[in-house]
Amino acid sequence: MQVKVKLVMFRQKTFHEEGEYCGYCPALGAFHVFNSFEKLHSYMQDRLIRDLEGRIHYKNLKNLGWEVSENSAKPPIFADEELVKQTEECFEVKIKEPIIVELYAELPPAKDRYAHLSNLHKDI
């Protein structure tokens, strides 16, 4: 099963030290700033995969409107205008030239990347 979400990217001088290439993916509730569109795209692609792996172990995707199970993940769908509007609200800027790209991932097996941390708190 292939999962697809949209990412809005734009170039904007910001106060962030990481760079001026900004992006937001409402389906993931994730934003970031890097010094190139390529790094931004790569980071968000990796974020999609990480979030999909944790889809049944954590509530973050469900809280964002996803329908998830062991064998599927259906993201919320946003019109392009809504994507840009939410991105503008997130960054508190007016975006002049938004670039909307799609992120794709084959649904990975579900796994709890942080299960090992729960053992650390048993003695507390």
Side-chain angles (χ1 to χ4, degrees):
M1 171 184 192
Q2 191 174 71
V3 180
K4 174 177 73 170
V5 297
K6 290 185 178 181
L7 165 67
V8 177
M9 300 190 303
F10 63 100
R11 190 170 182 187
Q12 176 83 32
K13 293 283 187 190
T14 68
F15 58 89
H16 298 282
E17 295 176 8
E18 295 91 350
E20 59 188 61
Y21 296 89
C22 309
Y24 180 61
C25 178
L28 298 176
F31 67 92
H32 218 294
V33 178
F34 279 99
N35 59 11
S36 74
F37 280 134
E38 293 79 17
K39 288 183 180 180
L40 176 61
H41 186 274
S42 178
Y43 170 84
M44 290 297 206
Q45 183 70 43
D46 290 345
R47 172 71 183 262
L48 172 61
I49 293 167
R50 283 193 317 268
D51 285 1
L52 287 172
E53 288 175 343
R55 68 188 173 277
I56 61 173
H57 300 285
Y58 307 103
K59 295 181 181 178
N60 56 330
L61 292 181
K62 287 181 185 177
N63 290 344
L64 291 166
W66 288 64
E67 295 177 27
V68 298
S69 71
E70 180 73 35
N71 299 316
S72 71
K74 295 180 184 174
I77 305 298
F78 298 94
D80 289 354
E81 297 80 20
E82 181 63 21
L83 291 168
V84 173
K85 179 183 175 214
Q86 287 195 28
T87 304
E88 289 177 336
E89 289 172 1
C90 177
F91 282 93
E92 298 181 339
V93 297
K94 181 69 178 157
I95 300 171
K96 295 180 180 126
E97 296 179 18
I99 300 167
I100 299 174
V101 298
E102 294 181 336
L103 303 174
Y104 297 92
E106 285 299 320
L107 187 66
K111 70 178 179 181
D112 184 352
R113 288 177 166 249
Y114 306 103
H116 64 284
L117 296 176
S118 63
N119 294 330
L120 297 175
H121 300 293
K122 286 186 177 180
D123 297 330
I124 298 176

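Keep in mind that this is a model prediction, so the values were computed, not measured.
Remark: the backbone N or O of Leu83 is paired with a side-chain donor or acceptor of Thr87 at under 3.5 angstrom.
Listed by chain and number, the residues in a salt bridge (Lys or Arg N to Asp or Glu O under 4.0 Å) with Lys4 are Glu102 (sequence neighbours excluded). With sequence neighbours left out, the salt bridge (Lys or Arg N to Asp or Glu O under 4.0 Å) criterion links Lys96 to no other residue. Residues satisfying the side chain to side chain contact (heavy atoms under 4.5 Å, CB included) criterion with Glu81, sequence neighbours excluded, are Ala79.
Under the 4.5 Å side-chain criterion, counting only non-hydrogen atoms from C-beta, Leu52 is in contact with Trp66. Using a 4.5 Å heavy-atom cutoff, the side chains of Met44 and Leu48 are not in contact. The shortest side-chain heavy-atom distance between Lys6 and Phe78 does not fall under the 4.5 Å cut-off. Between Met1 and Asn71 the shortest side-chain heavy-atom distance does not fall below 4.5 Å. Looking only at side-chain heavy atoms (C-beta outward), Gln12 and Ile95 stay at 4.5 Å or farther from each other. Annotation: side chain of Glu82 is in contact with side chain of Lys85 (closest heavy-atom distance under 4.5 Å). Looking at heavy atoms from C-beta onward, Asn35 lies out of side-chain contact with Leu40 at the 4.5 angstrom threshold.
Here the CD atom belonging to Glu38 is positioned 8.0 Å from the CE atom belonging to Met9, to the nearest 0.5 angstrom. Interatomic distance, CD of Gln86 versus CD of Glu89, reported as 6.5 Å (0.5 Å rounding). Atom NE2 of His32 sits about 13.5 Å away from atom SG of Cys25, to the nearest 0.5 Å.
Comment: Asp51 engages Arg47 in a salt bridge, judged by a side-chain N to carboxylate O separation of less than 4.0 angstrom.
Figure legend: cation-pi geometry between Arg50 and Tyr43, with NZ or CZ positioned under 6.0 Å from the six-membered ring centre and within 45° of its axis.
Residues Val33 and Val93 fall within the same hydrophobic cluster, defined by Ile, Leu, Val, Met, Phe, Trp and Tyr side chains chained together at heavy-atom separations under 4.5 Å. One hydrophobic cluster holds both Leu103 and Ile99 under the rule that ILVMFWY side chains link at heavy-atom gaps under 4.5 Å. Following chains of ILVMFWY side-chain contacts shorter than 4.5 Å, one can reach Leu107 starting from Leu61, so the two form part of one hydrophobic cluster.
Under the 6.0 Å cut-off for aromatic ring centres, Tyr21 and Phe37 qualify, their centroids lying closer than that.
Taking both residues in full, the closest heavy atoms of Gly29 and Leu64 are given as N-CD1, 3.7 Å, listed atom of the first, atom of the second, then distance. Scanning all heavy atoms of the two residues, the minimum distance from Cys90 to Tyr24 falls at SG-CD1, 3.8 Å. When all heavy atoms of Val8 and Pro98 are compared, the pair lying nearest together is CG1-CB, 4.1 Å. Listed here is the closest heavy atom pair of Ala73 and Arg55: CB-CD, 4.2 Å.
In this pair, Phe10 and Phe91 present their aromatic rings perpendicular. The plane angle is above 60°, beyond the 30 to 60° band.
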Let me see the working for Leu28 and Leu7 under side chain to side chain contact (heavy atoms under 4.5 Å, CB included), right down to the final yes or no. CA-CA 9 Å; Leu28 298 176; Leu7 165 67; over 6 Å; no

